[in-house]
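Take a look at the structure below.
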Amino acid sequence: MIRRQFKITTRIPDETQKLGKTIGKWIEHPLVIGLIGDLGSGKTAFVQGLAEGLDVPGKYYITSPTFTLINEYPGRLSLFHIDLYRLDGICDLEDIGLDDLLYEQAVIAIEWAEKMSDSLPADHLTITFEIAADECRKISLIAYGHNGVNLIKALEFSRNRIGNAD
Ligand SMILES: Nc1ncnc2c1ncn2[C@@H]1O[C@H](COP(=O)(O)OP(=O)(O)OP(=O)(O)O)[C@@H](O)[C@H]1O
Ligand SMILES: [Mg+2]
């Protein structure tokens with residue numbers, strides 16, 4: 001399995017959103033994105049940008065789907081935003097209906113993805129958010145499979161436009 005890593009530090013919320021937007025614009029194929037990081041580390045901020053990049057209409061305001069578990073938004077590809085925070089223990093694809101979603105032309109962004117890390121599809125992107133200071137977030141992306149690896153390569157080419165790459 002081909003794999004590639006990219007690290008970046010954002011200094012304000014807008015930069016984290018911009019990272020999401022940049023990736024969203026480049027996405028052409030269905031993709032599962034696992035988002036990992038503490039409360040308030042920027043997972044939802046990233047998904048807000050991702051939605052913009054996927055041309056989700058601006059009338060949709062993206063918040064953590066904490067009580068609904070899954071929110072779906074229309075865009076160039078459908079965006080499914082999942083939040084596993086309130087789920088007890090480890091879950092698998094079937095528990096949250098993800099096995100069905102994988103057949104859709106969709107981007108699936110999963111907050112607290114570590115709760116199902118063993119059952120994510122082989123091809124996916126993992127993004128880990130670390131709170132380094134008040135407004136400073138260390139973000140580490142690891143792509144597994146060609147689809148995500150190509151996105152990382154594109155990020156490497158444009159790193160200066162997004163934030164302060166490590
Ligand atoms: N560089 C940054 N990137 C992203 N968010 C930042 C940054 N600096 C400060 N923030 C703030 O941190 C918070 C991030 O909130 P967000 O909802 O995105 O976190 P989350 O990881 O989704 O948390 P939760 O697990 O509760 O859903 C916001 O209040 C945002 O303004
Ligand atoms: Mg959130």
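Indexing begins at 1, ligand by ligand and atom by atom, following the structure's order. FYI, the numbering just counts along the sequence from 1.
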Spatial distance of atom CG (Leu151) from atom CG (Leu31) [nearest 0.5 Å]
6.0 Å
Do you see a donor-acceptor pair shorter than 3.5 Å between the side chains of His81 and Glu72?
no
Once you restrict to heavy atoms under 4.0 Å, what part of Pro13 touches ligand 1? Side chain, backbone, both or neither.
both
Are Ile152 and Phe129 linked, directly or through other ILVMFWY residues, by side chains that come within less than 4.5 angstrom of each other?
yes
By atom name, which N, O or S atom of Glu111 is the nearest to the Mg ion (ligand 2)?
OE1
Heteroatom test (N, O or S) for Thr63 near the Mg ion (ligand 2), limit 2.8 Å
no
Verdict with supporting geometry, Leu50 and Val107, side chain to side chain contact (heavy atoms under 4.5 Å, CB included):
CA-CA 9 Å; Leu50 185 70; Val107 174; 4.2 Å; yes
Atoms in ligand 1 flagged as close to Ala45, the criterion being non-hydrogen separation under 4.0 Å
18 (O)
Whether Asp38 lies under 4.0 Å from ligand 1, heavy atom:
yes
Nearest 0.5 Å, what's the CZ-CG distance between Phe80 and Leu98?
9.5 Å
Ignoring hydrogens, tell whether any protein atom lies closer than 4.0 Å to atom 29 (O) of ligand 1; use the non-hydrogen atoms only.
no
Ile131 to Leu39 - nearest heavy-atom pair and separation:
CD1-O, 3.8 Å
Does a side chain donor of either Ser140 or Gln5 reach within less than 3.5 Å of an acceptor in the other side chain?
yes
Can you pull out the closest protein heavy atom to atom 26 (O) of ligand 1? Residue, atom name and distance to 0.1 Å, please.
Leu39 CD2, 3.3 Å
Geometry only, no angles: is Gly42 polar-contacting ligand 1 at N/O separations under 3.5 Å?
yes
Students should be able to answer this: which protein heavy-atom is nearest to atom 27 (O) of ligand 1, and at what distance?
Ser64 OG, 2.9 Å
Report yes or no: does a heavy atom of Ser41 sit under 4.0 Å from some atom of ligand 1?
yes
Please list the nearest protein heavy atom to atom 2 (C) of ligand 1 with its residue and the distance rounded to 0.1 Å.
Arg137 CG, 3.3 Å
Looking only at heavy atoms, which two atoms of Glu15 and Thr9 are closest? And how far apart?
OE1-O, 4.1 Å
Side chain, backbone, both or neither: which part of Glu15 comes within less than 4.0 Å of ligand 1 when only heavy atoms are counted?
neither
Is the distance between the Mg ion (ligand 2) and the nearest N/O/S atom of Tyr85 smaller than 2.8 Å?
no
Check each of Glu135, Gln17, Lys43, Lys138 against atom 24 (P) of ligand 1 and report the one with the nearest heavy atom.
Lys43
In the protein, which heavy atom is nearest to atom 14 (C) of ligand 1, and how far is it?
Gly40 O, 3.4 Å
Any idea which atoms of ligand 1 are less than 4.0 Å away from a heavy-atom of Trp112?
25 (O)
State whether Glu52 and Lys25 are salt-bridged, where the test is any N-O pair (Lys NZ or Arg NE/NH1/NH2 against Asp/Glu carboxylate O) under 4.0 Å.
no
Would you kindly check if the NZ (Lys) or CZ (Arg) of Lys43 is within the cone defined by 45 degrees around the ring axis of Trp112 and under 6.0 Å from the six-membered ring centre?
yes
Does Thr16 approach ligand 1 within less than 4.0 angstrom via side chain, backbone, both or neither, non-hydrogen atoms only?
side chain
With distance as the sole criterion, is a donor-acceptor pair present between the side chains of Thr44 and Glu111 under 3.5 Å?
yes
Of all the non-hydrogen atoms in the protein, which one sits nearest to atom 17 (O) of ligand 1, and at what distance?
Thr44 CB, 3.5 Å
